[in-house]
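Here's the structure we're looking at; comments come further down.
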Protein chains: 2
Amino acid sequence: MIIVDAVAPRTRIQAEKRELILEAALDIFSRHGFRGATIDRIADAAGMSKPNLLYYFRRKDDIYSALMQRLLDTWLQPLRALDDVGDPLTELRGYIRRKLEMSRDYPRESRLFANEILEGAPRIMPMIAGELKTLVDEKVAVIRGWMKAGRIARTDPHHLIFSIWATTQHYADFDVQVRAVLGPDKGAAGRYEDAARFLEQLFIEGLRPKG
Amino acid sequence: MIIVDAVAPRTRIQAEKRELILEAALDIFSRHGFRGATIDRIADAAGMSKPNLLYYFRRKDDIYSALMQRLLDTWLQPLRALDDVGDPLTELRGYIRRKLEMSRDYPRESRLFANEILEGAPRIMPMIAGELKTLVDEKVAVIRGWMKAGRIARTDPHHLIFSIWATTQHYADFDVQVRAVLGPDKGAAGRYEDAARFLEQLFIEGLRPKG
DNA sequence: GGCAATTTTGACCGAACGGGCAAAGGTTAG
DNA sequence: CTAACCTTTGCCCGTTCGGTCAAAATTGCC
């Protein structure tokens, strides 16, 4: 994917302020969705006036798009790192761990992405059906290779990937529910440790080759 | 949970029109979230004028609340049905199947719920921290009992429930992504069959008692 | 058939929102 | 120092949105 800033920053101030705006916008968009977020609130969170913000991003969509482009690249990195040559179970364990760490360290990005998909992915459909599908197909082939070689149990690689996405992102996207159900005793650190242990056991035992 | 219609329907027309509105509102809210949905669009989808709709539900929030109350009860039913006395693996397999069927048959409800949680559950937090937590605690105790008796593998029951929620709801909430990644060849029926097979294998193998 | 209660409509309101604009205020390179 | 450029601001506009209201149309009951 090629990352293109709608307008390349020409000055020091532009680079700084754009960063400030994107940071604030990530906060607001991830909490309220595209329609629920207002330019005023983003400007407020970024500590500037609305016209000033609009000087850096001409339209609300521009902010959102910039955020999406930046998000998508980091979002696919864990899957990209899934390596053909390593030990299958180690590779998959690593993938699960990386995805879970992304949920822990970038929950706003996860929610932003979830929001976009929930609404039907109106703005990132091309990337989903293009780049993402290509990458998944590639990794599905890798996993299928492992299965054919008897190195992991036979199952559906697509759905394996889906369930890794689902279980790991759940801890970012449904965070409030997870916290409420677990009760106030568990801190964030403990939650993620328990989740990592559980998911590792679930997927590794579920995938260990038979016989 | 007690279901209270804000205003009890007094006439045949009220009962019918309220139903019509809720059906339309489910469609719009689940696709655009609370803020993204407008009364005009809901009224339009319900085939009536905005003031007419507002005659049945005085405020936008009232429609949303009515929808939520109705949703929550059906939403918990699959977990309620998880039975202490049955065979553990059969019970869990049944729970997974029921949850997956809910995603298949009630995707709009699933997305509505997901949207609410994503936004921090501002309107249903009491129910999450109350009724839902109580139910989960109860079922966690059941599962823990099975583990102590050596009938399923030892693991974290809370996270087991979370991952069943995550994997099954994924097929409703992230439907467009799933479809795009799988490609156009797979119909909805095939998708859900494959998912059911995969999830059964994953969880059952992952939980089979050792030794 | 007529009257009361219910339902529907059109016209309207204030607030919030996305965005435009020109002028004022800063920065920076020569 | 200053001219050219960049940044910030206040003010404004048209639209959309949630919601009101009174009057018209319809329904249900005796």
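Computed over heavy atoms, backbone and side chain alike; hydrogens, waters and symmetry mates excluded. Just so you know, these numbers come straight off a predicted model, no measurement behind them.
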Original post:
Do A/Ser103 side-chain atoms and A/Thr168 backbone N/O form a donor-acceptor pair below 3.5 Å?
Top reply: yes

Subject >> Comparing A/Thr38 and A/Arg58 on DNA chain C - which has the more 5′ nearest nucleotide >> reply: A/Thr38

Original post:
Between D/dC11, D/dT20, C/dG19, which nucleotide gets closest to the side-chain atoms of A/Lys60?
Top reply: C/dG19

Original post:
Atom CD1 of B/Ile21 and atom CD of B/Glu16: how far apart are they, to the nearest 0.5 Å?
Top reply: 12.0 Å

Subject >> Check: C/dG18 base within 3.5 Å donor-acceptor of A/Lys50 side chain >> reply: yes

**OP:** Tell me which nucleotide among C/dT7, D/dT7, D/dT20 gets nearest to the side chain of A/Asn52.
**Re:** D/dT7

Original post:
So what does A/Arg35 hit on the nucleic acid, given a heavy-atom distance under 4.0 Å: a base, only sugar-phosphate, or nothing?
Top reply: sugar-phosphate

Subject >> Selected nucleotide, minimal atom distance to B/Gln14 side chain, candidates C/dT7, D/dT9, D/dG19 >> reply: C/dT7

Original post:
For A/Leu53 and D/dT9, what is the distance between atoms CG and P respectively, to the nearest whole Å?
Top reply: 12 Å

Original post:
Is the shortest side-chain N/O distance from A/Arg59 to OP1 or OP2 of C/dG19 below 4.0 Å?
Top reply: yes

**OP:** Considering just the side-chain nitrogens and oxygens of B/Ser49, establish if one lies under 4.0 Å of OP1 or OP2 belonging to C/dT9.
**Re:** yes

Original post:
Going by atom types only, do B/Tyr64 and B/Glu116 share a side-chain donor-acceptor pair under 3.5 Å?
Top reply: yes

**OP:** Could you tell me whether the phosphate oxygens of D/dT7, OP1 or OP2, come under 4.0 Å of any side-chain nitrogen or oxygen in A/Tyr55?
**Re:** yes

**OP:** Please check the phosphate of C/dA16 (OP1 and OP2 only) for any side-chain N or O of A/Arg41 closer than 4.0 Å.
**Re:** no

Original post:
Heavy atoms under 4.0 Å, any strand shown: does B/Ile39 hit a base, just sugar-phosphate, or nothing?
Top reply: sugar-phosphate

**OP:** Specify whether B/Phe162 and A/Tyr171 have parallel, tilted or perpendicular ring planes, treating 30° as the upper limit for parallel and 60° as the lower limit for perpendicular.
**Re:** perpendicular

Original post:
At under 4.0 Å between heavy atoms, what does B/Ala37 touch on the DNA or RNA strands: base, sugar-phosphate, or nothing?
Top reply: sugar-phosphate

Original post:
Which nucleotide in the set D/dT9, D/dT8, C/dA11 lies at the smallest distance from any side-chain heavy atom of A/Tyr56?
Top reply: D/dT8

